[in-house]
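Following: one structure in structure tokens, then a few remarks.
Naming: A, B, ... by sequence-line order, numbering from 1 per chain. Values in this document were obtained by computation on a predicted structure and should not be read as measured data.
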2 protein chains.
Amino acid sequence: MAPRRPESLSRDQIVATAVEVLDADGETGLTFRVLSGRLATGPGAIYWHVANKDELLDAATDAVVLTALAEEPASGSPHDRLRAVALGLFDAVDEHPWVAARLSHGAWQAGGPRIVEAVGRQVRALGVPQHDWFVTTTVLVQYILGAAAQNAANARAAGPDGDREEMLDAMATRWEELDPEEWSFARTLGDQMRHHDDREQFLAGIDIALAGIEALHPPT
Amino acid sequence: MAPRRPESLSRDQIVATAVEVLDADGETGLTFRVLSGRLATGPGAIYWHVANKDELLDAATDAVVLTALAEEPASGSPHDRLRAVALGLFDAVDEHPWVAARLSHGAWQAGGPRIVEAVGRQVRALGVPQHDWFVTTTVLVQYILGAAAQNAANARAAGPDGDREEMLDAMATRWEELDPEEWSFARTLGDQMRHHDDREQFLAGIDIALAGIEALHPPT
DNA sequence: AAACTGATGGAACAACGTTCCAGAGGAGAA
DNA sequence: TTCTCCTCTGGAACGTTGTTCCATCAGTTT
């Protein structure tokens, strides 16, 4: 069915604009009034295409996940392919920090199934026996989403400026000054916290999981 | 400094009541008006003790984490102690689902440091070399919080009634009916999704991580 | 007894998600 | 062509939220 008016709204248009606003101002920055303004319409018109804000956020999340998983990595070892999928998701969340909260609030909705499919295919390729597909995939997805969420939160805490180093250093020194008894472990983390790289850190987690999977399911 | 009035408000009282309300009605159910009603006062009085809702939620989160990590497990192998700490957190989030969102929004704030300390001590006991303490601990914390968040989200999706089985079954059949090409992996997950146990699933992830850590750092 | 100050609680404000509805305007029937 | 639908629009309005403001209270200090 062709649109009645050429310049009319479409659900895709609304979702795309929502993603723009979310990227710029986060979840609290996305209001139906702002969205109405950008689309040169009123709030009521948007509600004809979208049930409520929750559905809009889910649709926006799904859109981001869809493009992040657009092409499945075809070359490389199963290890490398899993790393590629995981890193693609990690980077997507880094670019759109608001998706983290949405995916944490329920990975079996919004873009969740797509993520399970993409990760699961690599688990299958890894040679994990079928009766462990569910466990293994779920664990990987939970780690990926958990790590991505933490990273997004840190990025938001540091602000849009380049003060990541600054904030990291401040937190490191704060931790180093904690009570030596009660915080005997955290105290020792300062230096490594200062000099770590987020993506490497994330991949290290994937490698731990891969090593664990292989240890529990030795390749025949 | 003694309280001016005996029946006066205290920050701890406010936080404790907030936890009750959060457990009963979730994050959206906690409003300053409801809280005022329960405490027989006005919204303004609460604001004298707490800066804003964000700080209140952080304080509530910290309180829950604090009691969840109250006593460090003293007996058992390092593996078992790590499992105990992780499971303690998992169960705490299961009882107070709203903490998941809060901890995902930034584990270096609210109760985050406590979690890092508790998990990190077990990592140290595991014999991981010091230069990998930060990476290993962070990875474990990210998995624990990610898995707990997913579990909390699922529980909320199922509702307070006992319809977990029901919802799981419905989702499983929905997945089994997906397009065999586009969803070649997800399709096969139905049965395992139906019959899995959340806590076992969570512990399986911890065991994968433990196996991976040991594979990468063979005990001398 | 008077003045001070930590603490209270209710009224008021701006902003939000959402609902409602009068009407525009293209598509099919007459 | 004219009439009548019916999808789709957009602005006004409602209830609720987080937060601010301020007149007032009740111990403590002078």
Side-chain angles (χ1 to χ4, degrees), chain A residues 1-61 98-99 101-102 105-106 109-110 156, chain B residues 1-61 98-99 101-102 105-106 109-110 156:
Chain A
M1 180 166 33
R4 301 303 179 98
R5 259 170 284 183
E7 82 285 4
S8 81
L9 282 176
S10 76
R11 190 187 151 101
D12 288 344
Q13 206 172 83
I14 294 174
V15 171
T17 312
V19 170
E20 284 177 26
V21 176
L22 285 163
D23 288 345
D25 299 322
E27 194 166 321
T28 66
L30 177 71
T31 73
F32 278 80
R33 277 164 249 269
V34 167
L35 207 52
S36 302
R38 283 232 197 183
L39 293 166
T41 179
I46 297 177
Y47 271 91
W48 200 92
H49 296 272
V50 164
N52 49 34
K53 191 174 182 181
D54 232 54
E55 191 187 294
L56 178 56
L57 284 167
D58 274 354
T61 304
W98 47 273
V99 268
R102 275 279 128 184
H105 283 331
Q109 315 167 29
R156 192 170 39 125
Chain B
M1 180 167 29
R4 301 303 178 100
R5 262 170 283 184
E7 82 287 3
S8 79
L9 282 175
S10 76
R11 191 188 152 100
D12 288 344
Q13 207 171 83
I14 295 174
V15 172
T17 312
V19 170
E20 283 177 28
V21 176
L22 285 163
D23 288 345
D25 300 321
E27 194 165 320
T28 66
L30 177 71
T31 72
F32 278 80
R33 277 164 249 269
V34 167
L35 208 53
S36 302
R38 283 232 198 184
L39 294 166
T41 179
I46 297 178
Y47 270 92
W48 201 92
H49 296 273
V50 164
N52 50 34
K53 191 173 181 181
D54 231 55
E55 190 188 295
L56 178 57
L57 285 167
D58 273 355
T61 304
W98 47 273
V99 260
R102 274 280 128 182
H105 283 331
Q109 317 168 29
R156 192 170 40 123

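Between the CD1 atom of A/Ile46 and the C1' atom of C/dT18 there is a distance of 12 Å, given to the nearest Å. Following rounding to the nearest Å, B/Leu9 (CG) and D/dC25 (P) show an atom-to-atom distance of 18 Å. Whole-Å rounding puts the B/Tyr47 OH to C/dA12 C1' distance at 14 Å.
For the segment residues 14-31 of chain A, the set of residues with a heavy atom within less than 4.0 Å of an atom of DNA chain C comprises A/Leu30, A/Thr31, in numerical order. Within residues 52-61 of chain B, the residues that have a heavy atom under 4.0 Å from DNA chain D are, in order of number, B/Asn52, B/Lys53. Less than 4.0 Å separates DNA chain C from at least one heavy atom of each of the following residues of residues 32-44 of chain A: A/Phe32, A/Arg33, A/Gly44.
Evaluation of the side-chain hydrogen bond (donor to acceptor under 3.5 Å, both in side chains) rule for B/Asp54 yields B/Arg102 as partners, not counting sequence neighbours. In this structure, the side-chain hydrogen bond (donor to acceptor under 3.5 Å, both in side chains) partners of A/Arg38, at least two apart in sequence or on a different chain, are A/Glu20. Shown here are the side-chain contact (heavy atoms from CB on, under 4.5 Å) partners of A/Arg156, two or more places apart in sequence or in another chain: B/His105. Partners of B/Thr28 by side-chain contact (heavy atoms from CB on, under 4.5 Å), not counting sequence neighbours: none found. Every side-chain hydrogen bond (donor to acceptor under 3.5 Å, both in side chains) that B/Arg11 has, sequence neighbours left out, goes to B/Glu55.
In this model, the phosphate group of D/dT9 is approached by a side-chain N or O of A/His49 to a distance below 4.0 Å at OP1 or OP2.
Listed by first and then second residue, the ring-ring contact (aromatic ring centres under 6.0 Å, His included) pairs involving residues 8-28 of chain A amount to none (not counting sequence neighbours). Among pairs with a residue in residues 21-35 of chain B, none fulfils salt bridge (charged side-chain N to carboxylate O under 4.0 Å, His left out), at least two apart in sequence or across chains. A ring-ring contact (aromatic ring centres under 6.0 Å, His included) check over residues 29-54 of chain B, counting only residues at least two apart or in different chains, returns the pairs B/Phe32-B/Tyr47.
In this structure, the side chains of A/Val99 and A/Leu22 stay at 4.5 Å or more apart for every pair of heavy atoms.
Across all their heavy atoms, A/Leu56 and A/Ala18 have their closest contact at CD1-CB, 4.0 Å.
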